There are 2 protein chains.
Amino acid sequence: MLLYYFEMTLSEEDYIKAIYHLSQIDSKSVATNAIAEQMKTKPSSVTDMVKKLSEKSLVKYKKYQGVSLSEKGRLVALSIIRKHRLWEVFLVDKLNFSWDEVHEVAEQLEHIKSDALIDKLDAHLGFPKVDPHGDPIPNKEGFFTKSVKKLISELPVLSEGVCVGVNDSSVTFLKFLDKNNIALGDTFKILDREEFDGSVTILTRVGAIRISEQIASNLFLEIVDEE
Amino acid sequence: MLLYYFEMTLSEEDYIKAIYHLSQIDSKSVATNAIAEQMKTKPSSVTDMVKKLSEKSLVKYKKYQGVSLSEKGRLVALSIIRKHRLWEVFLVDKLNFSWDEVHEVAEQLEHIKSDALIDKLDAHLGFPKVDPHGDPIPNKEGFFTKSVKKLISELPVLSEGVCVGVNDSSVTFLKFLDKNNIALGDTFKILDREEFDGSVTILTRVGAIRISEQIASNLFLEIVDEE
DNA sequence: ACAATTTTTTAGCTTTGTCTAAATTTATTT
DNA sequence: AAATAAATTTAGACAAAGCTAAAAAATTGT
Ligand SMILES: [Mn+2]
Ligand SMILES: [Mn+2]
Ligand SMILES: [Mn+2]
Ligand SMILES: [Mn+2]
């Protein structure tokens, strides 16, 4: 990630991350109001911050035209996301937090400044490639394998892939998955889909099971043989 | 530690911790200039902050009379110190940092807000009683065993105790200790002391060794049969 | 085309934590 | 007991990050 040789405040880092995520959704330039909503602040505060980030060449900004990350800004975003997701892995794998409890704490931990820390944490965790929600962890240079993850409900019959994420991370849903022996990292094959109600039969490590459309639209598979 | 039900900023927490440490050294009330030096700020900034902490009943303060922690303030200090030292244990035991590298990062990590996090970290580390520098870790209620630790150079012949800390945490010194099979947690017995140069013969797990006065005045033993 | 609505920016104010310079209080010397 | 020195506080400013209310620009509807 080539570290960034200028100091960034916690708030600046969160803005950069928000802009990154918003531009993933909509590729074009990001609207002031969208950032305000994401950051739970007012549009006027966003305008002020965006000007500051523009001064530091982290974003490209023209009045009334929205904002987009510069290459420098993109690398900063990925460095923060890397830290966020590594900490999430730590919280789940080492401290036995559950998937849905880790976000808030990771939101704080991602701002700890120490390159040595994050390198050693990465090693301690065995250089994980995805976080507990199945999202990819960028490496030090900001590269990551764009998981071509798709919802089971959107995949054709006979697709096969690794379960890498959930859409709904509520406790209820996670409990359901546990009970049905569905876990991140498992490989599933889609055997059949009912026209009638969209329910899907999948092959899991404990055999074939039937899941409802609702479940199918909340589980991401990473397809093995694509790109 | 009963958590504190009011929000504290990072800066307030660092001030409270500084005041705690300074009042350990000198028991009386702490001087504005002393805090300024510790915090690397100006005395006028300290006055402002101390007024604010006084508003929140964390310190007792009278103009020109110095400042001391209230009971509430003392508990806050101990809660931060607990976090600081647990993170130090984590960095050394789990991430393979060395003793002298952990302070700066722990200085940041101590401010992460999450009771669940610190409980689970404590458990993950096996409920350690001392940090990598031999300093005691307060429990959740703010209690800790005041280690009656003394320098080897200050202990009488035939004293016996567990090596719990170092005075000098320079890399050179730590390397020396490694080479001579001296580690925290080891039990030593003082066999003899030379009047001539103050050098001391101690019994270690690999037999009796002779250490210079300089070394003896940098190693703390916790005496077993006291209090 | 132009009025109405929505989005975005500006202006001005607030809080936190810092600073410098000046004033005040306390401590130390003669 | 002054006079001097040191420690502490006050006054006034500043940067960061937020807010509200008002102005300006862009978009939408007719
Ligand atoms: Mn954050
Ligand atoms: Mn995640
Ligand atoms: Mn700190
Ligand atoms: Mn320590």
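Predicted, not measured: the structure shown is a model, and the values here were computed from it. In what follows, every chain begins at residue 1, and chains take the letters A, B, ... in the order their sequences are listed.
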Whole angstroms only, please: what is the [atom1]-[atom2] distance between [X] and [N]?
X       : N      : atom1 : atom2 : answer
A/Met8  : D/dA16 : CE    : C1'   : 14 Å
B/Asp48 : D/dA13 : CG    : C1'   : 12 Å
B/Lys28 : C/dA27 : NZ    : P     : 12 Å
B/Lys62 : C/dT25 : NZ    : P     : 17 Å
A/Met49 : D/dA15 : CE    : C1'   : 12 Å
B/Leu53 : C/dT16 : CG    : P     : 12 Å
A/Glu37 : C/dT8  : CD    : P     : 12 Å
B/Lys51 : D/dA11 : NZ    : P     : 8 Å

So does A/Leu91 get a backbone contact from the side chain of B/Lys120, meaning a donor-acceptor N/O pair under 3.5 Å?
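Not at all, since once roles are kept as given, no pair shorter than 3.5 Å links the two residues.
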B/Thr32 side-chain N/O to B/Pro43 backbone N/O, donor-acceptor pair under 3.5 Å
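Absent.
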Hey, does the side chain of [X] come within less than 4.0 Å of [N]'s phosphate (OP1/OP2), counting only N and O?
X       : N      : value
A/Tyr64 : C/dT6  : no
A/Ser44 : C/dT8  : no
B/Asn33 : D/dA6  : no
B/Tyr15 : C/dT16 : no
A/Lys42 : C/dT9  : no

Nearest-nucleotide wise, let me know which of A/Met39 and A/Lys63 is further upstream toward the 5' end of DNA chain D.
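Going by which nucleotide is closer to the 5' end, it is A/Met39.
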From the set D/dA25, D/dA16, D/dG18, return the single nucleotide nearest to any side-chain atom of A/Thr9.
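Of the candidates, D/dA16 comes closest.
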From C-beta outward on A/Ser45, which listed nucleotide comes closest to its side chain: C/dT8, D/dG18, D/dA26?
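Selected nucleotide (nearest to the side chain): D/dG18.
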Could you label the plane-to-plane angle of the A/His124 and B/Phe90 rings as parallel, tilted or perpendicular, counting under 30° as parallel and over 60° as perpendicular?
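Because their plane-to-plane angle is over 60°, the rings of A/His124 and B/Phe90 count as perpendicular.
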Would you call the rings of A/Phe173 and A/Phe176 parallel, tilted or perpendicular, taking 30° and 60° as the class edges?
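Plane angle under 30°, so parallel.
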Classify [X] by what it touches in the nucleic acid, base, sugar-phosphate, or nothing, heavy-atom distance under 4.0 Å.
X       : value
A/Thr32 : sugar-phosphate
A/Thr41 : sugar-phosphate
A/Thr47 : base

To the nearest 0.5 Å, how far apart are OG in A/Ser79 and CD in A/Glu110?
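Between A/Ser79 OG and A/Glu110 CD, I get 9.5 Å after rounding to 0.5 Å.
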